[in-house]
Amino acid sequence: MNETVLTPFLFRHASKDFDPDRKIPEDQFLTILEAGRLAPSSFGFEPWKFLIVQNPALRAELHRHTWGGKKQIPNCSHLVVYLAHKRPRLLPESDYIQSSMREVLQLPDDIIALKTDYYGNFLRSDFGMIDNEMRLFEWSCRQAYIALANMMTAAAMMEIDSCALEGFVEADLNTAVKQHLQVDTDQFGVACMCAFGYRVRPPRPKARHSMENVVRWYD
Ligand SMILES: Cc1cc2nc3c(=O)[nH]c(=O)nc-3n(C[C@H](O)[C@H](O)[C@H](O)COP(=O)(O)O)c2cc1C
């Protein structure tokens, strides 16, 4: 196997304790964000937003509702909240989807009409979720997690540690981001958070199912 590729994957672990005195240099953190921004997404609609919460008082508001990040949130160098888009922004005719096709993907009008149709069909018939707010939000979260993974790997490539944080009370955390981070929670919900920084102690050895347990080949 290719050691160069695997080295960052072996370096990365869910860091519980971050060194409060070490900050990620700005250009390296911007590289991590860029790796998130470049993540792939279904139809290319990028249904995510990354909030970087550095203010200690605001971190404290998130910390109150996060049992899985008690040690990480106060001490990490950078804390990212991943928002996923909700149903109103994901509907085929929404301003967000239409302007993404027009301004970001720069598609011509006839292709936009075609893609709107295809996308509507995908939400309605193929996945049967156009009227299901929860499924649409989860679909959006799945994509935000691709950006999360890109960012953790990019960090590890620069020997920066991370810990994905999903150990929170969802309803309370959404209320907190609405109140303290001015997030419109009709449009967005919290998918996950991630702490980035530097470990204070070596990680435990990796524990994973064997290749045979998780892979099946069909020749
Ligand atoms: C989506 C997601 C959410 C997670 N949430 C937490 C969390 O809230 N607190 C925590 O300490 N670890 C959290 N983890 C870390 C996992 O427990 C960890 O990745 C797993 O046990 C494997 O260990 P490793 O990452 O060190 O290889 C999370 C990981 C993922 C991918």
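The analysis underlying the following values was restricted to heavy atoms, covering all of them including side chains, and did not include hydrogens, waters or symmetry mates. Order of listing sets the numbers, starting from 1, for every ligand and every atom in it.
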Does the residue Arg204 have a heavy-atom contact with ligand 1, meaning some pair of atoms that are separated by less than 4.0 Å? no
Does the N or O separation between [X] and ligand 1 drop below 3.5 Å for any pair?
X: Gly68; answer: yes
X: Gly167; answer: yes
X: His13; answer: no
X: Gly69; answer: no

Within 6.0 Å of [atom1] in [X], more than 12 heavy atoms from elsewhere:
X: Lys178; atom1: NZ; value: no
X: Asp95; atom1: CG; value: no
X: Lys49; atom1: NZ; value: no
X: Asp110; atom1: CG; value: yes
X: Met129; atom1: CE; value: yes

Looking at Phe45, is Arg89 sitting on its ring face, NZ or CZ under 6.0 Å from the six-membered ring centre and within 45 degrees of the normal? no
With no hydrogens and no angle check, is any side-chain donor or acceptor of Gln54 less than 3.5 Å from a backbone partner on Leu79? yes
Can a donor-acceptor pair be found, under 3.5 Å and without considering hydrogens, that links the side chain of Ser77 to the backbone of Gly197? no
With atoms numbered from 1 as shown, which atoms in ligand 1 lie under 4.0 angstrom from a non-hydrogen atom of [X]?
X: Tyr145; result: 1 (C)
X: Lys206; result: 24 (P), 26 (O), 27 (O)
X: Arg12; result: 24 (P), 25 (O), 27 (O)
X: Cys163; result: 10 (C), 11 (O), 12 (N)

Tell me the contacting part of [X] for ligand 1: side chain, backbone, both, or neither, using a 4.0 Å heavy-atom threshold, strictly below.
X: Arg208; result: side chain
X: Pro203; result: neither
X: Lys16; result: side chain

Heavy atoms only: which of Cys194, Ala164, Ser15 is nearest to atom 7 (C) of ligand 1? Ala164
Under 4.0 angstrom from atom 21 (O) of ligand 1, is there any protein heavy atom? no
Please indicate, with yes or no, if any protein heavy atom is found under 4.0 Å from atom 17 (O) of ligand 1? no
Can you tell me if Thr116 and Gln98 form a side-chain donor-acceptor pair at under 3.5 Å? yes
Quick one: sort the Phe127 and Phe122 rings into parallel, tilted or perpendicular, breaks at 30° and 60°. tilted
Ring centres under 6.0 Å, that's the criterion: do Tyr82 and Phe50 meet it? yes
Shortest protein contact, atom 26 (O) of ligand 1 (heavy atom only): Ala14 N, 2.8 Å
So which heavy atom in the protein is nearest atom 3 (C) of ligand 1, and how far is it from that ligand atom? Glu166 CB, 3.2 Å
